[in-house]
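All remarks here apply to the structure that follows.
Every chain is numbered from 1 and lettered A, B, ... according to where its sequence line falls, protein lines coming before strand lines. The shown structure was predicted, so the numbers you read here are calculated from the model rather than taken from an experiment.
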Amino acid sequence: MDIDLIINNLVHPPVLFFFLGMVAVFCKSDLKIPDPLPKLFTLYLLLAIGFHGGVELRKTGINQEVIFALSAAMFMAVIVPIYAFFILRLKLDVYNAAAIAATYGSISAVTYITAVTFLQTLGLEPAGYMVAALALMESPSIVIAIILARIYAPKKENDENEFSWSGVFKEAFLNGSVLLITGSLLIGLASGEEGWDTLRPFTKDIFKGMLSFFLLDMGLLAAKRISYLKSAGFFLPPFAIVMPVLNGCIGIVLSKLIGLQPENALMLSILCASASDIAVPAAMRLSLPEANPSLYVPMSLAITFPFNIIVGIPLFYYLINKADELIPLFWK
Amino acid sequence: MDIDLIINNLVHPPVLFFFLGMVAVFCKSDLKIPDPLPKLFTLYLLLAIGFHGGVELRKTGINQEVIFALSAAMFMAVIVPIYAFFILRLKLDVYNAAAIAATYGSISAVTYITAVTFLQTLGLEPAGYMVAALALMESPSIVIAIILARIYAPKKENDENEFSWSGVFKEAFLNGSVLLITGSLLIGLASGEEGWDTLRPFTKDIFKGMLSFFLLDMGLLAAKRISYLKSAGFFLPPFAIVMPVLNGCIGIVLSKLIGLQPENALMLSILCASASDIAVPAAMRLSLPEANPSLYVPMSLAITFPFNIIVGIPLFYYLINKADELIPLFWK
Amino acid sequence: MDIDLIINNLVHPPVLFFFLGMVAVFCKSDLKIPDPLPKLFTLYLLLAIGFHGGVELRKTGINQEVIFALSAAMFMAVIVPIYAFFILRLKLDVYNAAAIAATYGSISAVTYITAVTFLQTLGLEPAGYMVAALALMESPSIVIAIILARIYAPKKENDENEFSWSGVFKEAFLNGSVLLITGSLLIGLASGEEGWDTLRPFTKDIFKGMLSFFLLDMGLLAAKRISYLKSAGFFLPPFAIVMPVLNGCIGIVLSKLIGLQPENALMLSILCASASDIAVPAAMRLSLPEANPSLYVPMSLAITFPFNIIVGIPLFYYLINKADELIPLFWK
Amino acid sequence: MKRVMKVEIITDSIEVENVAKLLDEIGVYGYSIINDVVGKGSRGVRSGYELTGLFKNSYIMVVCNEVEMHKIAEAIRPIIRKFGGLCIVSDVVMSIGKK
Amino acid sequence: MKRVMKVEIITDSIEVENVAKLLDEIGVYGYSIINDVVGKGSRGVRSGYELTGLFKNSYIMVVCNEVEMHKIAEAIRPIIRKFGGLCIVSDVVMSIGKK
Amino acid sequence: MKRVMKVEIITDSIEVENVAKLLDEIGVYGYSIINDVVGKGSRGVRSGYELTGLFKNSYIMVVCNEVEMHKIAEAIRPIIRKFGGLCIVSDVVMSIGKK
Ligand SMILES: Nc1ncnc2c1ncn2[C@@H]1O[C@H](COP(=O)(O)O)[C@@H](O)[C@H]1O
Ligand SMILES: Nc1ncnc2c1ncn2[C@@H]1O[C@H](COP(=O)(O)O)[C@@H](O)[C@H]1O
Ligand SMILES: Nc1ncnc2c1ncn2[C@@H]1O[C@H](COP(=O)(O)O)[C@@H](O)[C@H]1O
Ligand code: NA
Ligand code: NA
Ligand code: NA
């Protein structure tokens, strides 16, 4: 595997700021981005990604490739939480298994844009519709996880009346982050090139800077949360690495089946591989308060996210380019 | 009335983000811009508007047109709260009538810039001195309202010593938002083109993006506050639409009398029509704490503001262009 | 001394916003930038300054001039807190003397960039390695001050076990602000021109705007803190002016000895003259909680900082250009 | 100067609006809320999740009479069961306030 | 371990500096303030007005002796009358603090 | 409905993690923390330093039994000596919470 790819990925300023954040925590510095400033970066990124995606989507329009890619994304968003749940049930109770399954079935927008940044340094740009895939993949795993928890959880007395399907769908699809990215995508679609020119300095020019700040904060958070995993036992940390690799590889295979370009294949596989850092925690807190957030949050934030941006992105890109050799081997 | 004007106004990204905010609340999403981030956008807009206005004002200088326009603005700022007060007294107690009158006599900076944005999509740009009109119109209604409340309020025992004119003027003219926009205007005046080049990427290039964020938040707030109006009865909601139309029309007539260009006439009429969202609530809280903020805040935010940016701006622009036909009719 | 220099310095928009902040407080306006927004500007400035410096440093590389300049900076950072401490001991107890000495031995990043801004209006640009000097000068005085306090403080019973050298070094060198500026400098070094192009719109284009906001807040803070100095007696306020002038002059002499260009000499002298506003208060609070922050914070913020940006910068620049005449006089 | 009760509730801040609604239904005179509360309890540390502002508690204080106090405890029990937290009660003297 | 009084005041946060000034004049030893308090009372919901940070309450806590407590109640009554809020008092034990 | 104790601690917020660690060691069931507390005491005004968010206090509340209360007071005394603040204790009734 090309070591240049990894290095190239790592010396990019936004990624370096991620490491700076981790370093700060490891040497016990008091560097901190206080609440609610991180929320500002989160809102900004969701708005900018969604809007950009919408503008691009309007350019390409909806064709067969788009439909195939979105269907593959949707398929993964439904299937991943199901098999993740049953694997996790080997060691965990129903609530935690469901919450972690939801986390790995959904996506991480910041992992997505780190992959875009990686492609840009190679002179590539993913298709605009991949942002639609991102938006589509955020929610289904939330619904699946709640259904699974309902089916397998021990019945509690006088609990029936509290559960409402409309509440579940609301949490899944009207979650603040899902709504903001989807809404911004629709606004991008509606306003097109002209709207893009209006907002470009804000949504594009300063984007990498805001991303650097965001990743600095992610580094701080990831490093701080690692200690929470002490209580997680020997099963979950490896899971947080094996699961994304597995999901990413399935994503690659699907991409090849539907004939995606390498850059779009990378986006699909990194979406499959990434674990939710914004939408799922918000939904789980309300819908599965029995699950322990100090498991599913740090697994995603402190293991899967750094793994994906350091190893995952270049690895999947390498595999995508080797896939024509590998897939035949796989079939034999 | 030209339906294109309305549509053209509505598909502009910042305005679309306003609707996204409203939609988020209506479908009970948890999308939220937490305190004090909205204050950041507020400060930014005031600074950028003031600074830009100052730079432009330096270019045009002070001529007869400027003096006429500023006098008209000042006249409206004094007269509107007076007749609004007496209309409101038909149904309300003195304190609430005074506070709402102050709200409608003052202006809304974000309505102003939405109108600027509307003009820009038509290839027009209002004169720089209109920002001075905006700054001038913020405060007078506060003073008028306090005077009216002093005159008509039932006398309270041992209260005389608490009232201070200097306090009233301080609240009216040294209010944070008034000071920031006026100060930025003076800084723009002092630093001129050279200063403008220094700050342009900040105060102009990313302006529409910051405005989008601001309007997203206004949408969230407006929709949330609508429910407060349940207790407002049948009088105030219509008032919150009729009053701006009336004020805007008087603004148009005045503009025609002093011969303003259509773009400047639009700005004057929208200033007259808009209701304060920042300066007046801050002043009323201190000077008329007896008035109920859950009346004057949502009337301005949840009715007048959306009405103005959706209907008011294109309506007034239409009327301005039709005015040469209408005014003679009016005189007959 | 050239009056144009002062005026030129003062009509620059960021500096004007500083005055606007002071004016707002003096006329008791409620203008306020609420917590934690100022922290956002602080983080932004440190990141942008460090990153820019790193990129520039990579261009120039390390040569004799760089080594000389950094050594001079380091020397001043060690020597200033020592003589400041003994001067302060004439009137103050050990803890307060040590904390104020640390404040004056360290630096103020925002004073630094105001000086950069001043040079830019003259068409000059300081060398990139001066940011390295800035980063180097932040911490030593913290260590020195703690050592001095340890040596001269009255022994307390059962206190030995609480003191830890590693804690002191951590506070001094891993302080959030030191780490962020140093880390950003290293990231700038690592990513060079290419990284610069990525982040330029964020770290350069909107920089003056963010600086304006920051200085607006500094003006508000400085003016608010002046009242704290009432209890400071007759010794400290003059100290807060004489000390920076003395340090700045020594900085000028050193610059001449090592042959720095005027623009770099200005940076070195303003670093010597400036007093810490971010790093030292954070470190003192933890390491010398016995010292009174309502002395060392307002001295730096409300006297030395305004003095430096109004008088100090043009004064030192004037002296640097006159130094060839003055130094021989001095030797006689 | 009247003896009244102070009810203090700590629970997940997503439930704060529901608690407020219950208090309105009970008809208490007023209440105060502090939203940025972190802490530790049977469900581990709740230290806030900076990215999204999640996972914080709220503190709700109600000054009321004894009858209301019992109604409040009754009404919020299911919320605290589901979302964690606690409710404590103490005697205080109302020094200034509505009768 | 000394019995002292805890005075808790809630009022509009614009008045917090005035309350602090009154406390200084009375000469209490110290006080603590929490600024982001929302709530509901006789003047309706005070939930904060996000655009400008207006319309919030502050919570002020003073640990003091009984004489000071009475002075405080006396001094802040007009503020609470005008800007709303309440003041409650309770007995506590000072476990660590200045004598 | 059980009588328990409420311990309230106010100290410099840089020490809040140390206090939490001590509470964990003592083994209290839980605690709640409010971080944005300003105030005045023997070391002057602590009103926050906006540039860096420094110089604020934290408020820590622990509902516990009497034995734990004494251990807490013992453990945090050196912190309050060094970084300022106070600790007060009062009786409350646990209305809803873990047994
Ligand atoms: N003993 C306690 N004293 C004070 N606060 C507590 C206590 N136990 C729980 N809490 C608060 O209630 C929240 C939820 O508690 P729990 O449901 O036990 O996880 C915690 O995060 C704390 O903020
Ligand atoms: N019974 C109560 N219990 C707790 N807080 C209250 C109570 N009544 C009023 N408050 C607080 O005091 C503020 C002002 O009350 P009022 O003056 O009654 O509108 C409210 O917004 C609440 O924060
Ligand atoms: N009597 C008091 N009542 C309430 N809070 C206090 C009191 N004394 C001190 N404090 C709080 O404890 C902090 C530190 O106090 P000190 O160590 O006395 O400076 C102050 O900033 C206040 O927040
Ligand atoms: Na995934
Ligand atoms: Na108006
Ligand atoms: Na210095």
Side-chain angles (χ1 to χ4, degrees), chain B residues 34-44 46-48 50-52 54-55 139 166-167 169-207 209-210 278-279 281-283 285-286, chain C residues 7-41 43-45 48 113-114 116-118 120-123 199-217 219-220 223:
Chain B
D35 247 2
L37 299 179
K39 179 93 188 206
L40 176 66
F41 305 128
T42 307
L43 294 170
Y44 170 83
L46 295 173
L47 188 151
F51 186 70
H52 191 181
V55 172
S139 308
S166 74
F169 281 99
K170 205 197 87 186
E171 257 320 289
F173 295 102
L174 300 175
N175 195 295
S177 64
V178 177
L179 194 103
L180 182 54
I181 202 164
T182 315
S184 303
L185 189 133
L186 294 175
I187 291 175
L189 256 178
S191 52
E193 275 300 305
E194 210 175 316
W196 179 243
D197 290 339
T198 310
L199 293 192
R200 217 204 51 246
F202 186 70
T203 48
K204 170 127 196 295
D205 294 353
I206 65 171
F207 187 86
M210 297 292 272
I278 300 179
R285 179 201 195 189
L286 201 64
Chain C
I7 305 237
N8 183 26
N9 184 33
L10 295 187
V11 300
H12 204 62
V15 179
L16 289 172
F17 279 104
F18 178 79
F19 292 115
L20 181 58
M22 295 201 101
V23 167
V25 174
F26 290 141
C27 53
K28 294 193 196 302
S29 166
D30 63 349
L31 183 60
K32 205 181 131 179
I33 302 185
D35 247 4
L37 299 179
K39 179 94 189 207
L40 175 67
F41 306 128
L43 294 170
Y44 170 83
L45 289 188
I113 48 177
T114 311
V116 174
T117 291
F118 168 80
Q120 285 169 344
T121 63
L122 301 174
L199 292 192
R200 216 205 52 246
F202 187 70
T203 49
K204 171 130 196 295
D205 294 354
I206 65 171
F207 187 86
K208 291 279 169 65
M210 296 292 271
L211 179 61
S212 298
F213 249 122
F214 190 89
L215 283 173
L216 175 63
D217 193 43
L220 290 166

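Rounded to the nearest 0.5 Å, atoms CG (Leu46(B)) and OG1 (Thr182(B)) are 9.5 Å apart.
In this structure, the portions of Leu43(B) lying under 4.5 Å from any heavy atom of chain C include both its backbone and its side chain. No part of Thr203(B) comes within reach of chain C, as not one of its non-hydrogen atoms sits under 4.5 angstrom from that chain. Of the atoms belonging to Thr117(C), not a single heavy atom falls under 4.5 Å from chain B. Using a 4.5 Å cut-off between heavy atoms, Leu47(B) touches chain C through its side chain atoms alone. With a 4.5 angstrom heavy-atom cutoff, Tyr44(B) touches chain C via backbone and side-chain atoms both. For Leu211(C), no part lies under 4.5 angstrom from a heavy atom of chain B.
Here the closest heavy-atom approach between residue Gly195(B) and residue Pro13(C) is recorded as CA-CG, 3.7 Å. Minimum interatomic distance between Val15(C) and Leu215(C) (heavy atoms only, all atoms of both residues): N-CD1, 4.1 Å.
Scanning for salt bridge (Lys or Arg N to Asp or Glu O under 4.0 Å) contacts around Asp205(B) gives Arg200(B), with sequence neighbours left out.
Just one residue in the list Phe207(C), Phe214(C), Phe213(C), Phe17(C) forms a ring pair (Phe, Tyr, Trp, His ring centres under 6.0 Å) with Phe41(C), and that residue is Phe213(C).
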